[in-house]
Every structure is written in structure tokens, then in C-alpha cells.
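On a predicted model such as this, the values are computed, not experimentally measured, just so you know.
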Amino acid sequence: MPSPERLMPELEKVLYSGYVAQGEQVELFERAFEGFVGSGYSLSLNSGTAALHIALLLVGVSRGDEVISTPLTAEPTNVAIKMVGANIRYADIDINTGNIDPISIEANINKHTKAIMVVDYAGTPVNVPQIQQISKKYNIPVIHDASHALGAKFNALKTGNHFPYTIFSLQAIKQLTTVDGGILQLSSKEDYERGKLIRWFGIDKKMSRLDNNIQFQGYKYHMNNVNATIGLVQMSVIDGILNSYVDNGKFFDKKLQNISGLELLVFYPNSEPAYWLYTMKVKNRSAFIQKLADNGIMASELHKRNDLHVYLNDFNQKLPVLDEFYSELVHIPCGWWVTKEDRDRIVEVIKKGW
Ligand SMILES: *Cc1c(COP(=O)(O)O)cnc(C)c1O
């Protein structure tokens with residue numbers, strides 16, 4: 001969060017402005033976000049889940065369709081697929097990154113496949129060029145859940161530039177938070193305009209209520225001026241926030257090499273992770289977590305693989321690479337709150353063994 005001196009006057013101003021609903025600040029926040037991403041259109045929403053839902057609607061995914069997705073993610077990624085009545089077909093993951101494996105995506109494509117959902121898990125970029133290639137070859141659009149990956153890059157371009165639909169979550173624990181909120185980053189103006197209607201009951205805010213004529217199902221997914229004001233003030237300090245994650249991540253990349261029982265991720269060439277969390281693979285994981293806990297450091301497995309939820313397991317598939325990765329997966333904190341002293345101590349504790 002920016003300093004109270006910076007945030008509170010803005011917040012006070014908007015709270016007592018007489019206009020807390022969706023208005024000018026929302027508009028300004030969207031344009032600022034577009035500036036950050038560097039291209040396209042930013043549709044602001046009240047959650048990342050709303051962004052996932054609208055992306056699926058814009059693609060036209062509906063009942064009976066299949067979406068190829070990753071099991072290693074936060075639940076909203078896959079719950080959103082069920083919101084439109086589609087079935088989830090999981091691809092296996094890449095052992096080096098924990099992200100969806102392009103070879104497995106291709107092997108899972110069939111005549112029902114309507115979209116491919118990919119996630120930069122923990123801030124690690126997916127294999128962008130290979131996924132783009134598959135999308136083109138089969139003419140299946142990609143939805144990029146970048147909820148962990150604000151500011152991550154591939155080929156020097158920020159997340160939000162690689163696929164037609166990119167989701168950012170601005171929820172409490174994400175890099176940029178508006179308390180709750182989300183962005184659907186779109187490459188097409190047409191999708192942006194339609195997305196605006198979907199986010200507000202199918203009603204066009206530019207026209208009077210009486211002139212409106214609802215044509216399709218909409219929702220109440222818009223962002224309000226209060227959340228947008230928090231977002232706008234954060235945009236002014238976002239580079240510093242993101243850098244502190246990356247700086248800590250690169251520190252761990254360097255200092256945690258060649259430790260017995262610990263394996264680091266191998267990122268794709270030309271990718272620059274956001275390091276939302278620092279992900280590793282460790283042998284004897286419960287002892288590792290306990291050892292760190294004894295030293296006041298919180299290490300965790302974090303997410304449950306989504307195919308273990310009965311509602312999110314449509315095809316009961318075998319996912320052998322995930323089985324292996326998931327048994328060793330662990331995260332340590334990497335965010336702006338991890339100080340230089342903290343990270344030195346984390347490395348020291350890990351190096352003593354577990
Ligand atoms: C946080 C998160 C979401 C959902 O975002 P909300 O803003 O909480 O709705 C979606 N996908 C992933 C991978 C997330 O981590």
C-alpha cells in the first residue's frame with residue numbers, strides 16, 4: 001500500500017464526493033492500467049473471477065464445451081469454467097515450471113475444445129511461444145489467468161500482451177490490490193465494448209435507461225470509484241512493489257542453488273517471472289516446512305490440486321507429472337514484506353538442512 005499521506009486524502013475525497021459508484025476514477029484507473037500493460041484495453045471488474053467469467057463468455061464457451069486447463073492453480077480458474085456449464089479437461093504440467101505443458105495441451109484437444117486456459121502459477125510465465133503456436137494451429141483461443149503474474153514478462157513484453165484475454169486479480173493478497181477487484185485485459189476493442197455490457201446487466205451506460213434494450217445475459221461485475229481510487233494511487237508505486245518481489249526471487253534463485261534435497265524451477269528462456277511466491281521442489285517436505293516453522297518462517301503447499309475437488313474433476317484423468325511435482329511442491333514468501341535480513345535468514349536456515 002502507498003503511504004497513508006498519499007492514499008487517505010484521495011480516499012476521503014472520493015468517499016465524500018457524492019459519487020462512489022462506477023465513474024471517473026474507474027475510467028482513469030482503466031487507462032492507467034492500459035499504460036502499465038502497454039497495449040490493449042483494460043476492463044475493470046469487482047474480481048478476478050468476474051474477469052475469468054467474462055473472458056469465457058466472450059469466447060462463447062457454453063454448456064457441453066470443453067476447456068483445457070491446468071490443475072495446478074487457485075480454484076477460481078476452474079470454478080469459472082463450470083460457471084458457464086463447460087467441462088474441464090486437464091492437461092498435465094511441465095516438471096520444470098509447474099505450468100501447463102504445451103505437449104499435453106495438444107494431446108487433449110478434441111472436437112469439443114472451445115478454449116485453452118493457462119496460468120502463470122506463482123508468477124512463473126507459461127511457455128508463451130508454444131502455446132501461441134498451438135492456439136494458431138487449431139484456432140482455439142487462449143485465456144491467460146495471470147492473477148499471480150502482474151509485471152511478469154516473456155520476450156520483454158509484459159503479461160497481458162501475449163493472448164487475447166488476460167486476467168489479473170486485484171484481491172487482498174495479490175501484488176496490486178484494490179481490496180477486491182480484477183482486470184480483464186483485452187486485445188480487441190470489440191471485446192472490450194461487449195465486456196462493458198456484460199459487466200453491468202447488459203445495460204449500456206452511455207445510453208439512457210429508457211433507450212436501452214437488453215440483448216443478452218449480463219451481470220453486476222463493475223468496479224466502483226472507491227476501489228478504483230485505491231488502484232490509481234497504487235499504480236503510482238507499483239513498479240517499486242513489483243521490483244521487491246523480483247529482487248527477492250532473484251536472490252533466492254542465486255542463493256538456493258546446489259542444496260541437497262532442493263530443486264529450483266527452470267524458467268523458460270526469455271521469461272521473467274513475477275515471483276509472487278517463491279516455488280521450489282523439496283524432498284521430505286513436511287520436515288522442511290516444520291524446520292522453517294520452528295524458525296518463524298512460513299513455508300506452505302498453498303493450493304490444492306484442483307482435480308482433487310470432486311466438482312472440478314470431470315474426466316478423472318491421469319496426471320503423472322503433476323503427481324510427482326505436487327508431492328514436492330513448496331512455497332516460501334518472496335513479497336515486499338520480506339526484508340534483506342529476512343531473506344538472508346531464510347537461506348541460512350534452509351542451508352542447515354531439514
Ligand atoms: C486470486 C486468483 C483468482 C481470482 O481472483 P479474485 O479476484 O479473488 O476473484 C483467479 N485465479 C487465480 C490463479 C488466483 O490466484
Side-chain angles (χ1 to χ4, degrees), residues 1-3 6-7 10 28-40 42 44-45 47-48 51 73-74 97-99 118-126 128 144-163 166-185 223 227-256 264-265 267-268 270-280 302 331-340 342-343 346:
M1 273 289 165
S3 71
R6 227 156 142 179
L7 177 61
E10 294 298 321
L28 291 172
F29 180 52
E30 289 190 351
R31 305 295 80 78
F33 205 91
E34 283 164 6
F36 174 84
V37 171
S39 78
S42 302
S44 64
L45 300 161
S47 74
T73 181
T97 59
N99 282 335
V118 304
V119 178
D120 290 349
Y121 185 69
T124 302
V126 291
V128 169
H144 188 187
D145 184 347
S147 294
H148 299 169
L150 186 70
K153 288 183 187 159
F154 211 114
N155 291 335
L157 278 179
K158 280 181 186 154
T159 353
N161 286 287
H162 305 299
F163 300 107
T166 306
I167 283 83
F168 296 102
S169 167
L170 311 178
Q171 167 257 25
I173 60 166
K174 302 293 160 64
Q175 289 101 322
L176 189 159
T177 177
T178 54
V179 182
D180 255 321
I183 292 280
L184 177 57
Q185 184 68 24
M223 181 176 275
N227 297 112
T229 296
I230 299 173
L232 264 172
V233 178
Q234 283 208 30
M235 286 305 294
S236 65
V237 294
I238 192 63
D239 291 334
I241 295 173
L242 296 175
N243 277 338
S244 57
Y245 285 81
V246 172
D247 189 57
N248 284 333
K250 287 189 166 163
F251 176 85
F252 289 136
D253 280 345
K254 206 161 78 199
K255 300 286 180 177
L256 294 177
L264 301 182
L265 299 186
F267 305 123
Y268 301 111
N270 304 317
S271 71
E272 300 174 47
Y275 298 98
W276 181 56
L277 295 165
Y278 195 79
T279 308
M280 306 171 292
L302 198 69
H331 306 286
I332 56 174
C334 191
W336 53 265
W337 61 93
V338 177
T339 64
K340 289 206 158 66
D342 290 339
R343 68 192 200 184
I346 292 173

Nearest 0.5 Å please: distance from the CG atom of Asp239 over to the CG atom of Leu242. 6.5 Å
CD1/Ile238 to CG/Leu176 distance, rounded to the nearest 0.5 angstrom? 4.0 Å
Ignoring hydrogens and geometry, is there a side-chain-to-backbone donor-acceptor pair from Thr177 to Gln171 under 3.5 Å? yes
Might you point out which heavy atoms bring Leu45 and Met223 nearest each other, and give the distance in Å? O-CE, 3.4 Å
Spell out, as yes or no, whether a donor-acceptor pair under 3.5 Å connects the side chain of Thr159 to the backbone of Ala152. yes
Could you measure the distance from the NZ atom of Lys250 to the NZ atom of Lys254? Nearest 0.5 Å is fine. 10.5 Å
Of all heavy-atom pairs linking His162 and Lys158, the shortest is NE2-O, 3.7 Å
If you draw a 6.0 Å radius around NZ in Lys255, do more than 12 non-hydrogen atoms from other residues or ligands fall strictly inside? no
Over all heavy atoms of both residues, which pair between Thr166 and Ala146 is shortest? Give the atoms and the distance, please. CG2-CB, 3.7 Å
Do the side chain of Asp145 and the main chain of Ser147 share a donor and acceptor less than 3.5 angstrom apart? yes
Quick one: pull up OG1 in Thr73 and CG in Leu302 and give me the separation to the nearest 0.5 Å. 10.0 Å
Looking at Pro125 and Lys153, what are the two nearest heavy atoms and their distance? CG-O, 3.7 Å
Mark yes or no for whether Asn161, through its side chain, and Val37, through its backbone, hold a donor-acceptor pair below 3.5 Å. yes
Mind checking whether Phe267 and Tyr275 have parallel, tilted or perpendicular rings, split at 30° and 60°? perpendicular
Checking Asp247 side chain against Ser244 main chain: does a donor-acceptor pair fall under 3.5 Å? no
Using ring centroids (six-membered ring only for Trp), state whether His148 and Tyr245 fall under 6.0 Å. no
Could you tell me the separation between the OG atom of Ser47 and the CG atom of Leu170, rounded to the nearest 0.5 Å? 9.5 Å
Scan Val233, Ile241, Ile230 and name whichever one has a side-chain contact (heavy atoms from CB on, under 4.5 Å) with Pro2. Val233
Give a yes or no answer on whether the side chain of Asn248 reaches the backbone of Gly335 with a donor-acceptor pair at less than 3.5 Å. yes
Counting only N and O atoms by type, is there a donor-acceptor contact under 3.5 Å from the side chain of Gln185 to the main-chain atoms of Ser39? yes
List the atom of Ser44, the atom of Ile183, and the distance in Å for their closest heavy-atom pair. CA-CD1, 3.9 Å
Non-hydrogen side-chain atoms of Arg6 and Val237 separated by less than 4.5 Å: yes
Trace of the side-chain contact (heavy atoms from CB on, under 4.5 Å) decision for Asn227 with Val179: CA-CA 7 Å; Asn227 297 112; Val179 182; 4.1 Å; yes
Does some side-chain heavy atom of Phe29 sit less than 4.5 Å from a side-chain heavy atom of Thr178? yes
Of all the heavy-atom pairs spanning Thr124 and Thr97, show the shortest one and how long it is. CG2-CB, 4.2 Å
Result for ring-ring contact (aromatic ring centres under 6.0 Å, His included) between His331 and one of Tyr278, Tyr121, Trp276 points to Tyr121
Under 3.5 Å, is there a donor-acceptor pair between the side chain of Asp120 and the main chain of Val126? yes
Can you find a heavy atom in the side chain of Phe33 that is under 4.5 Å from one in the side chain of Leu150? yes
